[in-house]
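Have a look at the structure below before the remarks.
When a residue number appears, it is its place in the shown sequence, counting from 1.
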Amino acid sequence: MRKFLVSDFDKTYYTDDESIKDNISKVKEFRNKGNIFVIATGRSFDDIIQALKRFDIEYDYLIINHGATLLDKNHKLIRNYPIDNNAKEDIQHEFNIIDDENTFICKCLESRVSINENDITKIHIRFNSKDEQFKSNNILNTRYKQYIKSYPIIGLYNAVEIISSSTDKSIAINEIAKIENIKSNNIYTIGDSFNDLEMLETFNGFCMINSEETVKSKIINKCSSVAELIDQILGGANE
C-alpha cells in the first residue's frame with residue numbers, strides 16, 4: 001500500500017546544510033518505492049523554489065503559503081485559495097497595513113505584490129514585540145474567523161501570516177489524497193510550528209523534537225528528522 005508523507009520545510013526538512021542530505025537520500029528511497037512525498041510550507045513560491053533548487057530537492061507536490069496554493073511537481077496550479085477581498089480591506093485598515101519593509105503580500109505564485117491588489121493569498125505583518133504579535137494574532141483569529149486564519153511566525157520579526165479560512169495544510173493534503181486515491185490512514189505528516197498543527201492533528205502526525213512548546217504539548221509522536229520518520233514508515237511502524 002502506497003504511503004503519503006507530507007513535511008514542513010523550515011526547521012523540519014531543512015534544519016541545517018548537513019542534515020538535509022540524509023533527508024534528501026531517505027526521501028529518494030521513499031519515492032523510489034512508489035510512495036508520495038509532499039513539501040508543505042508557509043513560504044511563498046519564489047522563496048521555496050530558491051531553497052529547493054539550491055539542494056536539488058525532489059518532491060511530488062508542493063503546498064505553499066500555509067496551504068493557500070497547491071502545485072504539482074511541475075508547478076502546475078491545482079488549487080488556490082485567495083483571501084476574501086472585503087475582509088482583506090478591513091484588516092488592512094484596522095492594522096494600518098501599507099507596502100513597506102514590515103509587510104509582504106503574496107498572490108498565488110507571485111511572492112511580492114501590493115496590499116492594494118485583490119485576490120491575494122497571504123499577508124505577512126511584522127510587529128514590534130512578541131506580546132503585540134500574539135495579541136494581534138488573537139484579534140485576527142477572533143474578529144475575522146469567518147474569513148481568515150492567522151498564524152504566529154516564531155523568529156526574528158514577531159510576525160503573523162494570514163490566509164483564507166477556506167484552507168490550511170490539512171485541507172491541501174486532502175486535495176492531493178483525492179487525486180492520488182490515498183486513504184487518510186496512509187498519510188503521515190511532520191512539522192514543528194503553529195501552522196503545522198492542523199495537518200499533524202488530522203493525519204498520522206509527528207512533531208520535531210525542537211518544535212514550539214504548544215505543538216509538542218499537543219502532538220504525542222515526536223521525531224528528530226524526516227529521515228527517522230521515513231525509517232519508521234518503511235519499517236512498518238505505526239500501521
query = From Tyr81 OH over to Ser165 OG, what is the distance, rounded to the nearest 0.5 angstrom?
reply = 11.5 Å
ask   = What closest approach, in Å, do Cys108 and Ile64 show between heavy atoms, and which atom pair accounts for it?
value = O-CD1, 4.2 Å
query = Side chains of Ser150 and Asn137: is there a donor and an acceptor less than 3.5 Å apart?
reply = yes
inquiry  = As an exercise, state the distance from CG of Asp231 to CD of Glu29, rounded to the nearest 0.5 Å.
reply    = 7.0 Å
ask   = Do Tyr157 and His124 have their ring centres less than 6.0 Å from each other?
value = no
note = So salt bridge (charged side-chain N to carboxylate O under 4.0 Å, His left out) across residues 216-225, not counting sequence neighbours, yields Glu213-Lys216
ask   = So Phe30 and Tyr188, ring pair (Phe, Tyr, Trp, His ring centres under 6.0 Å) or not? Walk me through it.
value = CA-CA 12 Å; Phe30 182 78; Tyr188 295 81; 8.3 Å; no
ask   = Under a 4.5 Å cut-off applied to non-hydrogen side-chain atoms, are Asn23 and Tyr14 in contact?
value = no
task = Give a yes or no on whether the backbone of Asn74 and the side-chain of Asp72 come within a donor-acceptor separation of less than 3.5 Å.
result = yes
request  = Indicate yes or no: at least one non-hydrogen side-chain atom of Ile182 is less than 4.5 angstrom from one of Arg2.
outcome  = yes
query = To the nearest 0.5 Å, how far apart are CD1 in Ile49 and OG in Ser111?
reply = 9.0 Å
inquiry  = Ignoring hydrogens, what is the shortest heavy-atom contact between Thr12 and Ser7? Give both atom names and the distance.
reply    = CG2-OG, 3.6 Å
key: Beyond-backbone contact of Thr167 with Leu70, side-chain heavy atoms, under 4.5 angstrom   = no
Non-neighbouring partners of Asp60 that pass salt bridge (charged side-chain N to carboxylate O under 4.0 Å, His left out), sequence neighbours left out = Arg31
ask   = Does a side-chain N-to-carboxylate-O contact under 4.0 Å join Lys28 and Glu58?
value = no
task = Provide the full list of salt bridge (charged side-chain N to carboxylate O under 4.0 Å, His left out) pairs with a residue in residues 129-141, sequence neighbours left out, each pair given once.
result = none
ILVMFWY cluster, Ile63 and Ile171 together (side-chain gap under 4.5 Å) = no
inquiry  = Are Phe4 and Tyr61, when compared by the centres of their aromatic rings, separated by less than 6.0 Å?
reply    = no
Value rounded to 0.5 Å, distance of OG1 in Thr103 from CG in Asn96 = 10.5 Å
Between Asn116 and Gln92: side-chain donor-acceptor atoms closer than 3.5 Å = yes
Side-chain hydrophobic cluster, 4.5 Å single linkage: members besides Ile83 = Ile91, Phe95, Ile97, Ile105, Val113, Ile115, Ile120, Ile123, Ile125, Phe127, Ile139, Leu140, Tyr144, Tyr147, Ile148, Val160, Ile162
message = With a 4.5 Å cut-off on side-chain heavy-atom distances among I, L, V, M, F, W and Y, is there a chain of contacts connecting Ile187 to Val38?
response = yes
inquiry  = Could you check whether any side-chain heavy atom of Tyr59 comes within less than 4.5 Å of a side-chain heavy atom of Val27, counting everything from C-beta outward?
reply    = no
query = Any salt bridge (charged side-chain N to carboxylate O under 4.0 Å, His left out) pairs touching residues 153-178, not counting sequence neighbours?
reply = Asp8-Lys169, Arg79-Glu175, Lys122-Glu161, Lys149-Asp168, Lys169-Asp196
Beyond-backbone contact of Phe206 with Gln232, side-chain heavy atoms, under 4.5 angstrom = yes
Pairwise distance OG(Ser164) to CG(Asp84) - rounded to 0.5 angstrom = 8.0 Å
message = Whether the Thr202 and Glu198 side chains hold a donor-acceptor pair (N or O, under 3.5 Å, no angle test) is what I'd like checked.
response = no
Linked, directly or transitively: Leu229 and Leu197 (ILVMFWY side chains, under 4.5 Å) = no
task = Show the numbers, then the answer: is there a side-chain contact (heavy atoms from CB on, under 4.5 Å) between Leu71 and Leu77?
result = CA-CA 5 Å; Leu71 310 165; Leu77 181 66; 3.8 Å; yes
request  = Could you walk me through whether Thr15 and Met208 pass the side-chain contact (heavy atoms from CB on, under 4.5 Å) test, one step at a time?
outcome  = CA-CA 10 Å; Thr15 55; Met208 295 287 286; 4.1 Å; yes
inquiry  = Within the structure provided, determine whether Val6 and Phe203 are in side-chain contact (heavy-atom separation under 4.5 Å).
reply    = no
query = More than 12 non-hydrogen atoms from neighbouring residues, nucleotides or ligands closer than 6.0 Å to CG on Asn118, yes or no?
reply = yes
query = Charged N to carboxylate O below 4.0 Å: is that the case for Arg126 and Asp100?
reply = no
query = With side chains defined as the heavy atoms from C-beta onward, is the minimum distance between Ser44 and Asn65 less than 4.5 Å?
reply = yes
request  = Might you point out which heavy atoms bring Gly191 and Ser211 nearest each other, and give the distance in Å?
outcome  = O-OG, 3.5 Å
request  = State yes or no: do Val226 and Phe9 share one hydrophobic cluster built from I, L, V, M, F, W and Y residues joined by side-chain heavy-atom distances below 4.5 Å, directly or via other members?
outcome  = yes
message = Counting C-beta onward and ignoring hydrogens, is there a side-chain heavy-atom pair between Leu52 and Phe55 closer than 4.5 Å?
response = no
ask   = In terms of hydrophobic clusters joined by side-chain contacts under 4.5 Å, are Tyr13 and Leu5 together?
value = yes
inquiry  = Enumerate the salt bridge (charged side-chain N to carboxylate O under 4.0 Å, His left out) contacts for residues 42-53, please, sequence neighbours excluded, ordered by first and then second residue.
reply    = Asp10-Arg43, Asp47-Arg112
message = Run Glu94 and Arg143 through salt bridge (Lys or Arg N to Asp or Glu O under 4.0 Å) and show every step you take.
response = CA-CA 11 Å; Glu94 177 168 356; Arg143 192 169 299 168; 2.3 Å; yes
message = Can you confirm whether the side chains of Ser19 and Asp16 place a donor and an acceptor under 3.5 Å from each other?
response = yes
inquiry  = Which heavy atom of Ile153 sits nearest to which heavy atom of Gln133, and what is that distance?
reply    = O-NE2, 3.0 Å
note = Taking every heavy atom of Ile190 against every heavy atom of Ser225, the minimum-distance pair comes out as CD1-O, 3.9 Å
message = Could you report the tightest heavy-atom contact between Asp119 and Lys107, atom names first, then the distance?
response = O-CG, 3.5 Å
key: Main-chain N/O of Ile176 paired to Glu180 side chain as donor or acceptor, under 3.5 Å   = no
